[in-house]
Amino acid sequence: MKFYNREAEIAILHENEQQAKRNATFTVLMGRRRVGKTSLVTKAFEDRQYAYLFVSKDSEAVLCGKFQQAIEEQLSIKVYGRLTSFRDFFEVVMRESLQRHFTVVFDEFQNLYKVNPAIFSEIQDLWDRYHRESHINLITMGSIRSLMKRIFEDENEPLYGRPTSKLTLLPFTIEVLKQIFYDHKTNYKNEDFLCLYMLTGGVAKYVELLMDAGCYTKEKMLNYFCRQDSYFLSEGRDLMNQEFGDEGTTYFSILQLIAAGLNRRSDIDGTMQKDMGTFLQNLEKNFNVVSRLKPILAKPNSKTSTYEISDQFLRFWFRFVWPYQSLVERRQLSLLRQNINQHYEQFSGRTLEQYFQQAAMETGHYTSVGNWWDRKGENEIDMIALNEFDHTGIAAEIKRNSRKLSLTELERKVSNLPSTNFGHYNLTLQTLSLEDL
């Protein structure tokens, strides 16, 4: 699959590089695994001089040997003797940057914790000493959000406050995902695109796997997902094990409950037989895996809330793969596939709501987008999108089947919106289905 989009991100990286010719720049590039960080940097600097350094979980001496070879070959930096400590290696780089401009990229930067946690203090010391006269364009990339946040956003950590730029790479937008699908199949069906969105969420690697395999229909995508050699079957576990470490069992159980529809705090605590507040807070704030949903315009301390897995792929994986690991291990994948078929319409119905909510936010016309429901659960509006500046918005009912939509029923629900919150908004009512995707 060819390289798509990322013009804005590439422009930022180029601007930072230009600035580094005058003053050193330190960019932190974050994003979930497989979103395309390495491809972005490779594309951005394809015609420029840079060194790409992957932080593997080797010993410090072995890793520095690899880095030394890389800068000698890629930046023509002459190093006498063998470097065995990161401090010595980084000082060589910083000293060289006093004389000339170049870019150095550290991929999976958070892995330095495994190599030697003291390295971060050494980077701080050398950066503070040299960066004012340096011309280095330093880029650190990482996919484990919790560790990258700890390194750069915890005020007790040595590298807090050192970066000059922070950039988070997100999955493809809906419009880009549509363009990719159109380039591969011009007459695609809405059902097929919804499945692509549901399985990938716009994550570049996942989209590439399906497109390169010629999976342009819902059936082909789901069959590929459930194949014996499928990359996807173990991806969710691999992804989350990187984040959770020793407490993975509890987090996996919570995410399985949320994916199955037990998404209220009371339901989760009751099923787990203990208070899961700390774990839920970590999933939301530190790992960025779940979102806490409240009725739109609800007060910040409102107890009317539910939890939802934010990532489309993980939402699907925890619903249909993780609970049935025994089927995966015994290679009874036809049963796994049958189970997906049985629950597909119900599950993808919520996906369709998320699709339209994301599409509304990506238009740039609305300052907040979400659901609304009352405490009794008698009135629920699938999407409300508001512009707080001109006090306009839309309220929409969303269903897969357009024949089940009722504008009259939506009008009744909208009439129950509390006037204290919504009285100043002029809402346009819409009904949306798979046909409108």
Side-chain angles (χ1 to χ4, degrees), residues 1 4-6 9 30-40 143-145 168-182 184 188 190-213 215-218 220-222 224-226 230-240 242-243 255-256 258-259 263 283-284 287-291 293 307-322 340 343-344 347-363 369-371 383 398 400 434 437:
M1 189 176 81
Y4 282 89
N5 197 33
R6 308 306 193 192
E9 292 85 354
M30 291 190 288
R32 57 111 64 214
R33 196 168 81 154
R34 310 308 186 199
V35 78
K37 298 183 297 297
T38 304
S39 296
L40 169 66
S143 56
I144 301 180
R145 177 181 170 83
T168 299
L169 190 64
L170 300 175
F172 291 133
T173 64
I174 285 174
E175 286 307 309
V176 173
L177 191 59
K178 283 183 176 180
Q179 183 61 55
I180 294 171
F181 206 19
Y182 179 83
H184 288 81
Y188 69 80
N190 287 356
E191 183 74 77
D192 301 328
F193 181 77
L194 181 63
C195 186
L196 178 67
Y197 173 78
M198 178 182 68
L199 295 180
T200 70
V203 174
K205 180 64 176 180
Y206 305 157
V207 177
E208 181 181 40
L209 284 170
L210 293 173
M211 294 299 96
D212 287 353
C215 298
Y216 307 144
T217 66
K218 180 189 83 171
K220 286 186 176 181
M221 290 180 207
L222 294 175
Y224 186 87
F225 195 101
C226 296
S230 173
Y231 170 93
F232 294 107
L233 293 178
S234 61
E235 171 70 356
R237 182 180 63 245
D238 296 342
L239 197 65
M240 293 295 92
Q242 280 191 325
E243 289 281 3
L255 290 171
Q256 180 178 327
I258 294 173
N263 52 14
L283 284 170
E284 180 186 6
F287 301 126
N288 201 34
V289 176
V290 304
S291 300
L293 306 181
Y307 289 92
E308 187 168 69
I309 298 176
S310 312
D311 186 282
Q312 289 294 335
F313 167 79
L314 290 175
R315 179 173 169 265
F316 184 89
W317 191 86
F318 274 102
R319 173 63 181 86
F320 292 111
V321 179
W322 177 245
I340 293 173
H343 301 281
Y344 184 86
F347 184 85
S348 63
R350 173 55 187 152
T351 304
L352 189 64
E353 293 178 21
Q354 294 171 318
Y355 166 87
F356 281 117
Q357 289 178 10
Q358 181 179 337
M361 184 58 78
E362 288 180 359
T363 64
V369 177
N371 305 67
M383 181 178 75
I398 302 168
R400 283 177 52 92
L434 193 59
L437 184 141

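Both backbone and side-chain heavy atoms feed into the values below; hydrogens, waters and symmetry mates do not. Counting begins at 1 with the first residue of the sequence.
In plain terms, the two heavy atoms of Arg315 and Ile309 that are nearest each other are N-CG2, 3.6 Å. Here the closest heavy-atom approach between residue Ile174 and residue Gln358 is recorded as CG1-NE2, 3.8 Å. Nearest approach of Gly201 to Pro171, heavy atoms of both residues: O-CB, 3.2 Å. Residues Met198 and Ser348 share a closest heavy-atom pair of SD-CB, 4.2 Å. For Ile144 against Gln242, the heavy-atom pair with the smallest separation is CD1-O, 3.8 Å. Among all heavy-atom pairs drawn from Val207 and Ile180, the shortest one is CG1-CG2, 3.9 Å.
Considering CZ of Arg33 and CD of Glu235, their distance stands at 4.5 Å, rounded to 0.5 Å. Rounding to the nearest 0.5 angstrom, the gap separating the CD atom in Gln256 from the CD1 atom in Ile258 is 11.0 Å. Once rounded to the nearest 0.5 Å, the distance linking CG of Leu196 with CG of Leu177 reads 4.5 Å. Note that CD of Glu208 is 12.0 Å distant from OG1 of Thr200, once rounded to the nearest 0.5 Å. Rounded to the nearest 0.5 angstrom, Tyr216 OH and Cys195 SG are separated by 14.5 Å. Between atom OH of residue Tyr197 and atom CZ of residue Phe172 there is a gap of 14.5 Å, rounded to the nearest 0.5 Å.
Met240 is listed as a side-chain neighbour of Val289, based on a closest heavy-atom distance under 4.5 Å. The shortest side-chain heavy-atom distance between Arg400 and Leu194 falls under the 4.5 Å cut-off. Contact annotation: the side chain of Tyr355 never approaches that of Ile398 to less than 4.5 Å [non-hydrogen atoms, C-beta and beyond]. Side-chain contact between Tyr206 and Leu199: absent, with no pair of heavy atoms (C-beta onward) separated by less than 4.5 Å. At least one side-chain heavy atom of Asn371 sits under 4.5 Å from a side-chain heavy atom of Gln357. Side-chain atoms of Val321 and Arg237, non-hydrogen and from C-beta on, never get closer than 4.5 Å to each other. For the pair Glu308/Asn263, no side-chain contact is recorded, criterion being any heavy-atom separation below 4.5 Å from C-beta on.
Ring geometry for Phe232 against Phe313 counts as tilted: the plane angle lies between 30° and 60°, on a 0 to 90° scale. Taking the six-membered ring where the residue is Trp, Tyr188 and Phe181 present parallel rings, their angle staying beneath 30° rather than reaching 60°. Using cut-offs of 30° and 60° on the angle between ring planes, the pair Phe316 and Phe347 is perpendicular.
Partners of Glu284 according to the salt bridge (Lys or Arg N to Asp or Glu O under 4.0 Å) rule, which considers only residues two or more places apart in sequence or in another chain, do not exist here. Remark: Arg32 pairs with Asp311 by the salt bridge (Lys or Arg N to Asp or Glu O under 4.0 Å) rule, at least two apart or across chains. For Glu353, the salt bridge (Lys or Arg N to Asp or Glu O under 4.0 Å) partners two or more places apart in sequence, or in a different chain, are Arg350.
The environment of OH in Tyr231 is crowded: more than 12 heavy-atom neighbours from other residues, nucleotides or ligands sit within 6.0 Å. Few gaps surround NZ on Lys178; more than 12 heavy atoms of other groups in view lie less than 6.0 Å from it.
Under 3.5 Å, the side chains of Asn5 and Glu175 contain no donor-acceptor pair of N or O atoms.
Side-chain atoms of Ser291 do not come within 3.5 Å of backbone N or O of Ser310 as any donor-acceptor pair.
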